[in-house]
There are 2 protein chains.
Amino acid sequence: MARGSQRPVTVHTIARHVGVSPAAVSTVLANRHEERRLAPATVERIRQAVRELGYVPNVAARRLRAHDPGVHSMDLGILTTFEAPLFLVSRTLRQVQRAVDARSAPDRRFSVSIDMFHAGRLRELPGLLSASRFNGVIISNTTPEDDAFLRSISLPYAVVVQGRRLANYSCVLETPGAGGCQAAEILRRAGCRQPVVLTPALLTETTADRAEAFVAALEATGGRATGRLVADGFTPASGAAAVRAHLATHPGCDGIFAVTDTLALGAYQAIKAAGRRVPADMAVIGVGDHEHGDFFDPPLTCVGPSYDRVVEEIVALLFRLMSRRRESPAEVFVPPEVTLRGST
Amino acid sequence: MARGSQRPVTVHTIARHVGVSPAAVSTVLANRHEERRLAPATVERIRQAVRELGYVPNVAARRLRAHDPGVHSMDLGILTTFEAPLFLVSRTLRQVQRAVDARSAPDRRFSVSIDMFHAGRLRELPGLLSASRFNGVIISNTTPEDDAFLRSISLPYAVVVQGRRLANYSCVLETPGAGGCQAAEILRRAGCRQPVVLTPALLTETTADRAEAFVAALEATGGRATGRLVADGFTPASGAAAVRAHLATHPGCDGIFAVTDTLALGAYQAIKAAGRRVPADMAVIGVGDHEHGDFFDPPLTCVGPSYDRVVEEIVALLFRLMSRRRESPAEVFVPPEVTLRGST
DNA sequence: ACTTGCGCCTAAATCGATTTAGCATTTTCC
DNA sequence: GGAAAATGCTAAATCGATTTAGGCGCAAGT
């Protein structure tokens, strides 16, 4: 990459412009000109130059300088896409924070932040490759492009990947195949004859796996070839649209497995709007990734890993990686649990 | 604060320990020992020391060094509490990102992250005071303690505060009093005789204002003294518990104004569980801060500012502050809008 | 005249990691 | 045997901001 040509405006630039030393500029920027007795006229000239030249402080430099050598500080990141809903991320964050609070000490500080990238463009996240932003990260909601990118490189710090298997990283994910099978089983027992799976167009590895396992399980138990509904996005609105269209052409449909809960929420609306009832006319299963699935009407039956278990594993793994340097990558599978509620 | 005593493990520490130069250590850490022809034995000794001494790279130093002087980079932060739900924050982030994407150029890069603090402990957020983390921030969901802290200091960079008025900062908030009045008016028109307001125990300035304005408006229009339900937290479960208890003792209650939508969701459940109907037996109003209010059953009537408008204003203000240094603080009020849906 | 003190400012070190230029050896090759 | 090449490493500069120790000139005090 070609380096930019214009040099940035630094304290030196300003100092030269005004005809003082960088020390004077720094003093003014920190508002310590009184105690260090700079002449008011000088202060004003410096302030003027700062404004005119559009000075922007370099946070990395400030941080390096301000850094207390006696304090270990660790920067942790939770990386996810803009496109994904944040419920899950917020639970991850809370757990990470709990872990961090427990481990913090006067000489050991952590900072945790959520950074987002556009789906498929993880590689553009600044500082990821140069290892100049984080000491450890949790990566979730990646698309296949992002996965390919991750596979092609090796990040030189602690990384835990959530929801997919990448050979060179530590991963935590739902036991492959399990969720889809359980959903198929529940719908079969509920007597559904024409169940379908509802997925977003953009699949992550986990959602794709759930859908495939579901279809495979149905076929294995002698079910008929079931439809596969594809919603435009992850939102309830797109879920509702997909279900509405399906019901119009397939009135016999009597069961839906939604691979994300927000889609299930949309399905509810379309089903009710079509004059049907959940679960009497149609059973619905979600995966428990919506914070408030229990407050859906009726409460949503789910098959999916306990998210708290998943996050616990992730956090434990992350801290293990950070303390022992160079542990070989681990794979942790969390089996999905069945939460039977009112929708089946 | 006393500085820690132990010096951190740096490349120098390792270099001294192994008996090589820091350059060699750095080379190994970057995995460039092949191209720079370090002896395999040396590489192994360095790796060993890195592991033994528990080296943790200093990200600030790396970033400073890796920094391309031709590229302006701006670090933006969205600061919020752990306790607050993330729906809103994620919308803020999306808007900020859109603004940032539009302004990015080869010589101008932004990074946006969400950083969280414990309610009331904003002051502990690392780098906030030393200005060594962000070039600009959006602060939301602060508690009165945090507000007091913010009032007592002056952050030397671009700051926009959401949802409260602080004299020395730029703020964007709902027009005070408006939301509560509108809610009262809607419930009055719906013929409610015993409306209550449902709030979490921990109030932000905005939620407190809504509740107060609501009670005041009811009293002003000759309504009777109305109850005030206090839920333990923000969750649907705590909302449901509060409403359940209230209905048991006040069977005549026929309207609820919930100052957050998650509480409204809980209210729905308690109402339905008590064998009542929304809106026939009881009207419910929320504030439109839940992403999926339209998919509640029935869809939730809301009075609240268009969140997108709020965020638009915030983002515009933030970028104005960052480009023009030292603009005097602005206050922007966004009037709440009424979204009539099925719950009233 | 000589110190003392004040007002105003600067030089240089520092934070930690990385890279470029280059220095000693040793080996290879004609 | 001597030049050229390869091997294995280091010194020092650099990124940008901040702080400490201290310098220089001038006025006041003795």
Side-chain angles (χ1 to χ4, degrees), chain A residues 3-4 7-16 18-46 50 55-73 75 127 130-133 135 156-157, chain B residues 3-4 7-16 18-46 50 55-73 75 127 130-133 135 156-157:
Chain A
R3 293 215 141 198
R7 311 229 66 203
V9 178
T10 70
V11 283
H12 286 82
T13 323
I14 294 168
R16 238 175 304 130
V18 177
V20 294
S21 74
V25 177
S26 178
T27 299
V28 171
L29 286 172
N31 275 312
R32 309 188 59 177
H33 47 278
E34 304 259 306
E35 67 183 91
R36 296 211 190 125
R37 297 181 315 221
L38 285 202
T42 313
V43 173
E44 203 31 67
R45 270 158 54 226
I46 292 174
V50 165
Y55 170 73
V56 175
N58 180 318
V59 292
R62 278 208 176 144
R63 223 181 128 183
L64 175 57
R65 185 57 233 248
H67 159 81
D68 175 346
V71 177
H72 258 276
S73 61
D75 283 27
S130 56
S132 60
R133 237 186 118 75
N135 297 114
Y157 43 94
Chain B
R3 295 214 141 200
R7 311 228 66 204
V9 178
T10 70
V11 282
H12 286 81
T13 322
I14 294 168
R16 238 173 305 130
V18 177
V20 294
S21 73
V25 177
S26 178
T27 299
V28 171
L29 287 171
N31 275 312
R32 309 188 60 176
H33 47 278
E34 304 258 304
E35 66 184 271
R36 298 215 188 121
R37 296 179 320 219
L38 285 202
T42 312
V43 173
E44 204 31 67
R45 269 159 52 226
I46 292 174
V50 164
Y55 169 72
V56 176
N58 179 318
V59 291
R62 278 210 175 142
R63 224 181 126 182
L64 174 59
R65 183 60 232 247
H67 158 81
D68 175 346
V71 178
H72 258 272
S73 60
D75 282 27
S130 57
S132 61
R133 238 186 118 76
N135 297 114
Y157 44 92

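Per chain, numbering begins at 1; letters A, B, ... match sequence-line order. Quick caveat, the model's predicted, so the values are computed rather than measured.
Taking each heavy atom of Arg45(A) and Val18(A) in turn, the nearest pair found is NH2-O, 3.3 Å. The shortest non-hydrogen separation linking Pro8(B) to Pro69(A) is CD-O, 2.7 Å. Across all their heavy atoms, Ser73(B) and Asn135(B) have their closest contact at O-OD1, 3.7 Å. Ile46(A) and Val28(A) make their closest contact through CD1-CG2, 3.7 Å (heavy atoms, listed as atom of the first residue, atom of the second, distance).
Rounded to an integer number of Å, the gap from His33(A) NE2 to dT10(C) P is 16 Å. Atom-to-atom, CD of Glu35(A) to P of dC9(C) comes out at 15 Å; the value is rounded to the nearest Å. When rounded to the nearest whole Å, the span between CD1 of Ile14(A) and P of dT10(C) equals 14 Å.
Applying the salt bridge (charged side-chain N to carboxylate O under 4.0 Å, His left out) rule to pairs touching residues 55-64 of chain B yields Arg63(B)-Asp75(B), sequence neighbours excluded.
Judged by closest nucleotide on DNA chain C, Ala60(B) is the one of Ala60(B) and Thr27(B) placed further toward the 5' end. The residue among Arg37(A) and Leu64(B) whose nearest nucleotide of DNA chain C lies closer to the 5′ end is Arg37(A). Taking the nucleotide of DNA chain D with the nearest heavy atom to each of Ala61(B) and Arg45(B), the more 5' of the two is matched to Arg45(B).
Within the 4.0 angstrom heavy-atom criterion, only backbone atoms of the sugar-phosphate kind lie near Arg62(B); the bases stay farther away. Counting non-hydrogen atoms under 4.0 angstrom, Ser132(B) reaches nothing in the nucleic acid. Backbone-only engagement by Val20(B) is indicated by non-hydrogen atom pairs under 4.0 Å involving sugar-phosphate atoms exclusively. At a threshold of 4.0 angstrom between heavy atoms, the contacts of Thr10(A) are confined to the sugar-phosphate backbone, with no base atom among them. Backbone-only engagement by Ala39(A) is indicated by non-hydrogen atom pairs under 4.0 Å involving sugar-phosphate atoms exclusively.
Under a cut-off of 6.0 angstrom, the local environment of CD in Glu34(B) is sparse, with at most 12 non-hydrogen atoms contributed by other residues, nucleotides or ligands.
With hydrogens and angles disregarded, no donor-acceptor distance shorter than 3.5 Å links the side chain of Ser26(B) to the backbone of Ala23(B).
For DNA chain D, the contact window with chain A, defined by any atom under 4.0 Å from a protein heavy atom, covers dC15(D) to dT19(D) in 5' to 3' order.
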